[in-house]
Amino acid sequence: MNETQNNDYNVNDQTYEGGVVTENAVQSEINAISSQTTELDQKEKQLLDALDEILEKRSKKYMNSESLKRPLSSSERLAKGIVRKGVGIISLALVLILFGIVMICCLFSPAPDYLLPLKFSPVAAILLGIEIIVTLLITHGHLKINLISVIISAILVGGCCTMGVVLNRSYNMDKIEYNNRTIAAEIYDRSYKELRYLADIETMSIEVDLNPDGTGVTKGIDALSAGDRVVINVEFGGVYASPKTFAADCKKIIDGFRIMGIDITDFHFANQSSFHSYKLDITGKYLQDYPESRLSELVTHIYIEDTDYLEDLEDLENSEDLTNSD
């Protein structure tokens, strides 16, 4: 029996109901079954992916239909309208409100600062930047710029700033001019009491130029500085016999202002009678310290023999000024 079985089986063969099946055939059959299983798994996966895609589309369609059926709230309608119109609408509205309030405050303020529009101008850029960021967050990266609104905002801001600068300059000029007239009146009132007995003053005018740099700082007579310009024009009455006597009265006026503690930049003295004309210009602080003898040398004296020459006096003085300047 054992010999018969050994003859029927060898190392690589097996007997099964009269048939012989090799190990290689079994292995190939297993491989075929596994490949079929893999193909079935892939087809099943593709089928599931297709089903998921169909369900997702139906879900989106259902949600869209539900959103169309559901009425939008006021905030949702506003946000949708803003996104559709583009960035720039909200910032334009806020810029209009802001600069309108600023200009109203400037116009009705007792001490207005017309540079406020210029100081608030960066706020317009900040508002536009905030609107861009909020729109990007709402639309998940989709951005639409309303170019017309942005241009109008820029023109509005630029116009308000320009108008503010012009109004501020005009306001400062008016304030400086008013301050100049006030100081001139104070100097006149104070000097009149002190100088009316020193010389025969026929007329006296005062020119004041405070803050030549245009800063427009308001100050009083006691706050005059070296940078302020104060000019005294004095017309003497009477008749002077010589330039020396004329220079003596000029020196009295100069010393009188110095005693009062008023810092004067320039003095211009003049006297004109039927036969004599005197003129003395004291420019700067250095000449104000000259004694009478030195001042008399600076007096311009014109002797007129005939009163008819008085009509040509002004032309003669102008020609002398042109000669001196040459």
Side-chain angles (χ1 to χ4, degrees), residues 56 59-60 63-182 209-220 223 225 227-229:
E56 185 178 359
S59 176
K60 289 182 178 180
M63 293 180 64
N64 292 332
S65 62
E66 288 294 324
S67 62
L68 291 175
K69 293 178 182 178
R70 182 178 60 86
L72 298 176
S73 62
S74 59
S75 59
E76 290 175 342
R77 287 197 301 270
L78 178 61
K80 187 176 180 180
I82 293 172
V83 172
R84 185 172 63 254
K85 292 294 184 180
V87 174
I89 297 293
I90 298 298
S91 59
L92 174 59
L94 294 177
V95 166
L96 286 170
I97 295 172
L98 173 64
F99 280 86
I101 295 173
V102 169
M103 295 306 296
I104 289 175
C105 293
C106 291
L107 293 176
F108 290 95
S109 175
D113 182 8
Y114 290 108
L115 293 180
L116 280 179
L118 185 62
K119 296 175 181 177
F120 277 98
S121 58
V123 177
I126 295 173
L127 293 175
L128 181 60
I130 293 174
E131 187 178 359
I132 290 174
I133 294 174
V134 172
T135 304
L136 287 174
L137 293 176
I138 293 175
T139 59
H140 303 288
H142 298 286
L143 183 64
K144 179 183 178 182
I145 301 294
N146 193 320
L147 189 59
I148 296 177
S149 299
V150 175
I151 293 175
I152 293 174
S153 298
I155 294 174
L156 176 65
V157 173
C160 289
C161 292
T162 303
M163 183 174 63
V165 171
V166 173
L167 290 176
N168 185 73
R169 182 174 182 181
S170 177
Y171 175 74
N172 283 338
M173 293 299 294
D174 293 340
K175 185 168 63 175
I176 293 172
E177 184 62 27
Y178 176 77
N179 198 194
N180 290 344
R181 293 196 301 267
T182 303
D209 184 11
L210 301 178
N211 312 115
D213 57 349
T215 55
V217 177
T218 304
K219 61 174 66 176
S225 61
D228 301 321
R229 181 177 175 82

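Everything quoted here is computed from the prediction, not taken from an experiment.
I101 contributes atom CD1, which lies 12.0 Å from atom SG of C106 (distance to the nearest 0.5 angstrom). Between the CG atom of L118 and the SG atom of C160 there is a distance of 11.0 Å, given to the nearest 0.5 Å. To the nearest 0.5 angstrom, S121 atom OG is 11.0 Å from L116 atom CG. The CD1 atom of I151 sits 13.5 Å away from atom CG of L156, with the distance rounded to the nearest 0.5 Å. Put simply, OH on Y114 and CE on M163 are 9.5 Å apart, with the number rounded to the nearest 0.5 Å. How far CG of L167 is from CG of D113: 11.5 Å, rounded to the nearest 0.5 Å.
In this structure a side-chain-to-backbone donor-acceptor pair under 3.5 Å is present from S91 to G88. With T162 contributing its side chain and G158 its backbone, the two residues share a donor-acceptor pair below 3.5 Å.
Closest of all the heavy-atom pairs between F99 and P117 is CE2-O, 3.5 Å. Considering every non-hydrogen atom in both L127 and L94, the closest pair reads CD1-CB, 3.6 Å. Annotation for E131 and I89: closest pair OE2-N, 3.6 Å, computed over non-hydrogen atoms.
In this structure, D209 and D228 have side chains that are not in contact, with every pair of non-hydrogen atoms separated by 4.5 Å or more.
For CG of L96, the number of neighbouring non-hydrogen atoms (other residues, nucleotides, ligands) closer than 6.0 Å is greater than 12.
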